[in-house]
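This report refers to the structure that appears directly beneath it.
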Amino acid sequence: MPELPEVETTRRGIAPHLEGQWVSRVVVRDSRLRWPIPEDLDVRLSGQRIVRVERRAKYLLINAEVGTLISHLGMSGNLRLVEVGMPAAKHEHVDIELESGLALRYTDPRRFGAMLWSLDPLNHELLIRLGPEPLTDLFDGERLFQLSRDRSMAVKPFIMDNAVVVGVGNIYATEALFAAGIDPRRPAGGISRARYLKLAIEIKRILAHAIERGGTTLRDFIGGDGQPGYFQQELFVYGRGGELCKVCGTGLREIRLGQRASVWCPRCQS
């Protein structure tokens with residue numbers, strides 16, 4: 001599914017075309033997402049000016065003058081800009097039409113995404129318990145070290161826990177652990193402070209680089225500008241089980257941790 005860099009790439013792509021624009025109407029062709037789209041979304045959002053487009057974890061927050069549209073891309077969703085009136089294809093469920101003549105179109109073949117309305121988005125039940133953003137000063141290796149004490153779970157699902165830090169999904173957890181030289185199977189509580197300091201640095205570096213590269217295109221992801229991401233070309237271990245390590249030439253191994261495929265190098269990671 002789209003991870004934090006893909007969602008941030010989408011935000012950067014759509015924000016310049018939405019911010020400051022007036023919504024003329026909202027067309028909902030199919031409201032059956034993970035949670036039903038509010039029946040009165042058109043009434044709530046039409047006639048309002050979009051103030052800013054933000055991101056919290058993997059949620060996009062389209063802030064109007066009164067209220068916020070909370071959007072999640074789910075497993076296969078994407079948001080892109082089209083001309084108002086452009087015929088909709090299958091799975092193109094929502095258009096937010098703007099007076100500029102553009103429409104923000106939401107496509108979601110699997111319908112695991114969300115479009116919800118809130119007057120207090122940061123206190124919404126989906127967002128209120130989230131941990132810090134990984135690219136801020138609120139997240140660092142010391143936080144990982146302190147929260148990991150006495151934790152027997154493997155380190156990979158530990159750093160993917162949204163209560164610990166948001167947005168470190170399967171792709172980027174796999175890559176960050178490789179860069180930090182940490183075996184993803186190791187118990188979180190058995191990793192030293194020094195290694196967590198290194199891991200936090202690598203999480204920040206890899207996420208920031210992936211954002212600049214437009215995210216990672218896997219299956220259905222397309223950025224808000226309609227262009228694919230290019231970070232996939234630079235993956236060291238994710239999705240490469242059985243291939244040779246790009247650093248040492250050792251065969252990469254693959255297991256499942258927390259119901260997710262996990263690839264690592266037995267020589268580079270310990």
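All heavy atoms count here, side chains included; hydrogens, waters and symmetry mates do not. Predicted model only: the values in this text are computed from it and were never measured. Here, residue 1 is the first one in the sequence, and each next residue gets the next number.
- Shown are K156, R253, E254; of these, the side chain to side chain donor-acceptor pair (under 3.5 Å) with S262 is made only by K156.
- Here the side chain of E97 pairs no donor or acceptor atom with the backbone of V27 at under 3.5 angstrom.
- Salt bridge status for D140 with K204: absent, with no side-chain N to carboxylate O gap under 4.0 Å.
- Under the 4.5 Å side-chain criterion, counting only non-hydrogen atoms from C-beta, E133 is in contact with R55.
- At a threshold of 4.5 Å between non-hydrogen side-chain atoms, the residues R56 and V166 count as touching.
- Of all heavy-atom pairs between A64 and W117, the closest is CB-CH2, 4.4 Å.
- V164 and L127 sit in two unconnected hydrophobic clusters of ILVMFWY residues. Membership requires side-chain heavy atoms under 4.5 Å apart, directly or through other members.
- Here the side chain of K246 pairs a donor or acceptor atom with the backbone of L235 at under 3.5 angstrom.
- Between the E202 side chain and the A176 main chain, no donor and acceptor come within less than 3.5 Å of each other.
- Sparse packing is recorded around CZ of R129, with 12 or fewer heavy atoms of other residues, nucleotides or ligands lying under 6.0 Å away.
- You'll find the side chain of Y172 stays beyond 4.5 Å of the side chain of I203, heavy atoms only.
- Closest approach of A57 to L130, counting heavy atoms only: CB-CD1, 3.8 Å.
- In this structure a side-chain-to-backbone donor-acceptor pair under 3.5 Å is present from H93 to H91.
- Put simply, the side chain of L61 reaches to within 4.5 Å of the side chain of I70, judged on heavy atoms.
- For the salt bridge (charged side-chain N to carboxylate O under 4.0 Å, His left out) with R12, the lone residue among E19, E6, E212 that qualifies is E212.
- Of the possible donor and acceptor atoms, one in the side chain of S76 sits under 3.5 Å from a partner among the backbone N and O of R110.
- Within 6.0 Å of atom CG in D150, 12 or fewer heavy atoms from other residues, nucleotides or ligands are found, so the atom counts as exposed in its surroundings.
- Nearest heavy-atom pair, D42 versus V26, reported as atom, atom and distance to 0.1 Å: OD1-N, 2.8 Å.
- Atom CZ of R267 is surrounded by 12 or fewer heavy atoms from other residues, nucleotides or ligands within 6.0 Å.
- The one candidate from V23, V51, I96, V53 that meets the side-chain contact (heavy atoms from CB on, under 4.5 Å) condition with L18 is V53.
- Side chain of R195 to backbone of G181: a donor-acceptor contact under 3.5 angstrom is found.
- At a threshold of 4.0 Å, the pair R193-E142 counts as salt-bridged, since one of the basic side-chain nitrogens sits closer than that to a carboxylate oxygen.
- More than 12 heavy atoms of other shown residues, nucleotides or ligands fall within 6.0 angstrom of atom CD in Q146.
- The CG atom of D108 sits 11.5 Å away from atom CD of E92, with the distance rounded to the nearest 0.5 Å.
- Atom CG of D137 has 12 or fewer heavy atoms from other residues, nucleotides or ligands within 6.0 Å.
- Taking all atoms of both residues into account, the shortest heavy-atom contact from P132 to L138 is CB-CB, 3.7 Å.
- Separating the CD1 atom in I191 from the CG atom in L199 is a distance of 7.5 Å, to the nearest 0.5 Å.
- Among all heavy-atom pairs drawn from L4 and G167, the shortest one is CB-O, 3.5 Å.
- When all heavy atoms are compared, the tightest approach of L33 to M115 is CD1-N, 4.0 Å.
- Taking the six-membered ring where tryptophan is involved, the planes of Y59 and H72 are perpendicular, since the angle between them exceeds 60° and thus also 30°.
- Following chains of ILVMFWY side-chain contacts shorter than 4.5 Å, one can reach I62 starting from L73, so the two form part of one hydrophobic cluster.
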Candidate pair N63 and I50, rule side chain to side chain contact (heavy atoms under 4.5 Å, CB included), full reasoning: CA-CA 6 Å; N63 297 288; I50 296 175; over 6 Å; no
Test log, rule side chain to side chain contact (heavy atoms under 4.5 Å, CB included), inputs L177 and I159: CA-CA 10 Å; L177 286 166; I159 64 173; 4.1 Å; yes
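- Residues F158 and L147 form a side-chain contact, since some pair of their non-hydrogen atoms from C-beta on lies under 4.5 Å apart.
- Between P184 and Q269 the shortest side-chain heavy-atom distance falls below 4.5 Å.
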Check against side chain to side chain contact (heavy atoms under 4.5 Å, CB included), C265 and L252: CA-CA 5 Å; C265 175; L252 299 176; 3.6 Å; yes
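- Under the 4.5 Å side-chain heavy-atom criterion for ILVMFWY residues, no single connected hydrophobic cluster contains both M160 and V237.
- Atom CD1 in I14 sits 12.5 Å away from atom CZ in R80 (nearest 0.5 Å).
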Criterion salt bridge (charged side-chain N to carboxylate O under 4.0 Å, His left out) on D95 and R25, from CA distance to verdict: CA-CA 8 Å; D95 280 2; R25 69 168 180 162; over 6 Å; no
Worked check of side chain to side chain contact (heavy atoms under 4.5 Å, CB included) between W264 and D183: CA-CA 7 Å; W264 82 101; D183 188 322; 3.7 Å; yes
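- Other residues, nucleotides and ligands place no more than 12 heavy atoms under 6.0 Å from the CD atom of E39.
- Both L104 and V94 belong to a single network of hydrophobic side chains, linked directly or stepwise wherever heavy atoms of I, L, V, M, F, W or Y lie under 4.5 Å apart.
- Side chain of S118 to main chain of D120: a donor-acceptor pair is present (N/O by atom type, distance under 3.5 Å, no hydrogens or angles).
- Hydrophobic cluster membership is shared by L144 and M153, with clusters built from Ile, Leu, Val, Met, Phe, Trp and Tyr side chains linked at under 4.5 angstrom.
- With a 4.5 Å cut-off on side-chain heavy atoms, C268 and T250 do not count as touching.
- Atom-to-atom distance recorded for R34:CZ and R111:CZ is 14.0 Å, nearest 0.5 angstrom.
- Put simply, the side chain of Y196 gets close to the backbone of A188: a donor and an acceptor are under 3.5 Å apart.
- The line from CD of E54 to CG of L122 is 7.5 Å long, rounded to the nearest 0.5 Å.
- One finds the CG atom of L207 at 11.0 Å from the CD atom of E175 (value rounded to the nearest 0.5 Å).
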